[in-house]
Chemist: 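Okay, handing you the structure first.
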Amino acid sequence: METRYDPKTVEQRWYATWEKAAYFEPRASLTGKTFTISMPPPNITGDLHMGHAMYTLQDVLVRWHRMLGDAVLWVPGTDHAAIATQNVLEKQLSKKGSSKETIGREAWDRMVQQWYDTTGQTILTQMRRLGFSADWSRNRFTMDTDYVAAVNAAFVRFWKAGLIYRGPRIVNWCPRDRSAISDLEVVFVETDDQLYYLDYPVEGGGVISVATARPETMVGDTGVAVNSKDARYRDLVGKMVMLPIVHRPVPIVADDAVEIGFGTGAVKVTPGHDTTDYEIGERQKLEVRNILHLDGRMNIPEVADLDGLKVPQARTRIVEMLRAEGALQKIEPYRHSVGHCDRCNAVIEPLVSSQWWVRMKPLAEPAIRVAEDDMLRFHPERWREQYLRWMRNIRDWCISRQLWLGHRIPVWTCTNGHAVAYLTQPTDCDQCGDSTLTQDPDVLDTWFSSSLWPFATLGWPDSTEDLRRFYPTQVLDTARDILYLWVARMVFMSLHFFNDIPFSDVIIHGTVMAPDGRRMSKSLGTGVDPLVMVDRYGADATRAWCAYFGTSGQDIRFSEEKIKSYQLFANKLWNATRLVIARLPEGSLPIPIDAATLEPADRWMLGRLGAVTRLVSEAFARFEFGPAIDALYEFAWHEFADDYLELIKPRLQAGSGPAETAQSVALHVLEATLRLLHPIMPFVTEELWQRIPHDGESIMFAPWPLPDARLEDPVLLAEMDHLLEVVRAVRNVRHAVDPKVRRQPADLQSPRALLADRVGREYLATLAQLDLSTGLPAGATTRVVVIGQTTVTLGLPSEGGAETQRLGAELRKKLEDIELIQMKLNNPDFTGKAPAAIVERERRRLDEARQAAERLQTLVDPRSG
RNA sequence: GGGCGGUUAGCUCAGCUGGUAGAGCGUCUGCUUUACACGCAGAAUGUCGGGGGUUCGAGUCCCUCACCGCCCACCA
């Protein structure tokens, strides 16, 4: 074996082996249970980024459950991401001076198909490099024929249940995409703007002042609203005002949506272009006037000067006109949020348009209940409240988009005007038999189709074997930004179609930020390519980083050094394995451990393994991977390699008798540790596991280790701690006296090796009197070191220097501690009110501190001992 | 406007039901000891964002302020 672990070839080789052997496909369950995760489908346009690397958490879970013996299925796939993809393709066309309108629908569809065919698999191929054990044979795409059928089925069932309606309502209109978008796809950006105060003349004399950030919409005003409790305006309610410029009379109405304290307390109402105003208009029966074309330009034929202008120009022009009419009172600087399109960043223009809607109240109700009843659990738990808040305040969902890409709405209208939803293209109208049918031109919101993901990927609406076997799923892991867009919607979809939740545990993993704390983004140049990390440090190291930070629930700054530390960890495992199998004939079978020949160090090690096994299993069950990897790192590196392997080295080299036990214990612990680590670091563990004696074809299906509480021995643990303390003290003294000391016997360089046989045969009791002063050069002085109950006699060549001073400082600190504890124990409030166990512990601490002080005294001034 | 999260060693982060602060990286010292220098053995480093309070005792509970980040809202 090489002295270094090289992830590259190992990863490639094992991944190919696993995939070829169909290891990622579900096997028969040994537990009677299944374990299913639907992978959040990445956008087909996207490149792999750190967000996807976080899916490592899902792989950890599925790999763990495979080892537990469950039938495991992790379903991968991709989403067509209608708006995003359309933007990409439109950009391509515009580069060539063309557009989708120019090439026409047919050519466009071909272009889309070609795009899907060529880019579809890239991101999934990249995921393989991270070792993801998803069942690629079940890969799904939201535009697959089967999936389209599921989308249509969902739509038709909603339709039949009366949950879908079409109607004109105010929507968020993106003038660039020329499509409606849902509330969730509007991002609000704080903008420095201006607030305009306009004076509208009131019928019978006087004016009423209104404040607005959008003066250009005044040409669409159909009312002025005041709060009914506002004494200032009470007498004006019911009167008419005359709009400037268009010279159209509109009524003053009372509506309590108006805040008395804001602006002037009077609001111009533009039901056609403002969500709030639309609602006021509905309540007050105000006329809805449209003043915009679908591309966002002014549609105001009665004012030739304005018609066809873009909004900013129209605003300037209207302000001039208002000023000329004396209707502009003042302008104030104003900061407020302006809605932008999530995808193309254009300013959203609310307008009234006929769209398809899903009635949300009946769907939300059960979705609220499952979270309240804790059937649906969130990790971290606080996301439950966020989910509930959204679900409780939900509004109807606008599911139609005026795009050229996506699932067409399966509604056909005949010449007699009968609109009906069909699963497939109908030949004649259900209602009148008319055979001239036209399909609705709109497509569905991407999230309508993706919210069917967990069951549509398993074959729904057909009752397939997969659906029966693997649905509902268990865990859904994703980033928080699609909690409402996707997670919440999957919940109510599943409750509607299955009367069951789609998954029982939702993990919201932290978002990876750039090292400087900014958002990771390609445009900012702050993105980190996970594949570059895989190239540099290996997939295992990259995964370990994700697992470490992923489930803390906190956003995390990217730290390459931490990934690197896991690369070194993999290397450590590699070398520890080299040592353990150095004297083992190739092809050896597992060696059973003979309990009768176990020595204290062996029992200590096995006990520690049991404790770590328990800790890791419990942490995994709580989805807390950070503490799990931490414990495994500490255990494998420091306890197993640094302590145990050093202790048994002499035995390993001896070759027989106790050597065999040491060998078999070391192998046993190593093998179990590899299994515990496998879900997080699959490659290096498989490679090493295959090189040591093992049972089975792959570590992927090796049984998950069970903790053996019988082996955990607190007394032994305390004794080992004591031993290691003795070792440390001896080293310190040596270091104090002469940092450069190196002499025969070499054992002082490696006191653990020196102590090993005492730990073994004579047990720790021999430590009571430990003489390390033999074999020293002439002129050595002798020191006696007391550590707890152990006396160590050391022979050392010269007196100490700087280190003795350090020990002096340590002694002073100890004396301070003693004083502090003393004070505490002298306080009757403490001894009277604190629990007895705590007081007892303080007493013990005091004793220990005194002993330590004594020891330090000896070291600082050898003559005093 | 409302809500949530964060503020702990130089950096990145852990710290469960309150009992005198931990890890990794970095820094410093020594060591090429035949598993590993991608290593080993040691060391140093924190008024736990500020201020109050509860308590025998607070990083941990309560109040309050500040800053950073996120989410929600009919911010005319």
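Numbers restart at 1 for each chain; the letters A, B, ... are given by sequence-line order, proteins then strands.
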Chemist: How is A/F549 classified with respect to the nucleic acid when contacts are heavy atoms under 4.0 Å: base, sugar-phosphate, or nothing?
Modeler: sugar-phosphate
Chemist: Which residues pass the side chain to side chain donor-acceptor pair (under 3.5 Å) test with A/W390, sequence neighbours left out?
Modeler: none
Chemist: Contact class for A/E259 vs. all strands (heavy atom < 4.0 Å): base, sugar-phosphate, or nothing?
Modeler: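 If one applies the 4.0 Å heavy-atom cut-off, A/E259 turns out to touch a base.
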Chemist: With a 3.5 Å cut-off and heavy atoms only, can you find an N or O donor on one side and an acceptor on the other between the side chain of A/S565 and the base of B/C25?
Modeler: no
Chemist: Suppose we screen for side chain to side chain donor-acceptor pair (under 3.5 Å). Which residues come up paired with A/D516, at least two apart in sequence or across chains?
Modeler: A/R518
Chemist: Name the stems that RNA chain B belongs to, where each is three or more consecutive Watson-Crick or G-U pairs with both distances under 3.5 Å?
Modeler: B:1-7 with B:66-72, B:10-13 with B:22-25, B:27-31 with B:39-43, B:49-53 with B:61-65
Chemist: By side chain to side chain contact (heavy atoms under 4.5 Å, CB included), which residues pair with A/R536, not counting sequence neighbours?
Modeler: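 Applying side chain to side chain contact (heavy atoms under 4.5 Å, CB included) to A/R536 gives A/V532, A/M533, A/E560.
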Chemist: If you compare every side-chain N and O of A/R845 against the phosphate oxygens of B/U20 (OP1, OP2), does one of them come in below 4.0 Å?
Modeler: yes
Chemist: Would you indicate what A/R382 reaches in the nucleic acid, counting non-hydrogen atoms under 4.0 angstrom: base, sugar-phosphate, or nothing?
Modeler: sugar-phosphate
Chemist: At under 4.0 Å between heavy atoms, what does A/I821 touch on the DNA or RNA strands: base, sugar-phosphate, or nothing?
Modeler: base
Chemist: A/D847: which residues meet the side chain to side chain donor-acceptor pair (under 3.5 Å) condition with it, sequence neighbours left out?
Modeler: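 In terms of side chain to side chain donor-acceptor pair (under 3.5 Å), with neighbours along the sequence ignored, A/D847 is linked to no residue.
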Chemist: Within the structure shown, what part of the strands sits under 4.0 Å from A/P835 by heavy-atom distance: base, sugar-phosphate, or nothing?
Modeler: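 Base, at least one base heavy atom under 4.0 Å.
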Chemist: Answer yes or no: side-chain N or O of A/E2 and base N or O of B/A35 forming a donor-acceptor pair under 3.5 Å.
Modeler: no
Chemist: Would you mind classifying the nucleic acid contact of A/A266 as base, sugar-phosphate or nothing, using non-hydrogen atoms under 4.0 angstrom?
Modeler: base
Chemist: Residues in side chain to side chain donor-acceptor pair (under 3.5 Å) with A/D221, at least two apart?
Modeler: A/Y200, A/K268, A/T270
Chemist: Is any side-chain N or O of A/W383 closer than 4.0 Å to OP1 or OP2 of B/G3?
Modeler: no
Chemist: Does any donor-acceptor pair link the side chain of A/K572 with the base of B/C36 at a separation under 3.5 Å?
Modeler: yes
Chemist: Quick one: is B/A14 close enough that its OP1 or OP2 comes under 4.0 Å of any side-chain N or O from A/S552?
Modeler: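 Affirmative; the distance criterion is met.
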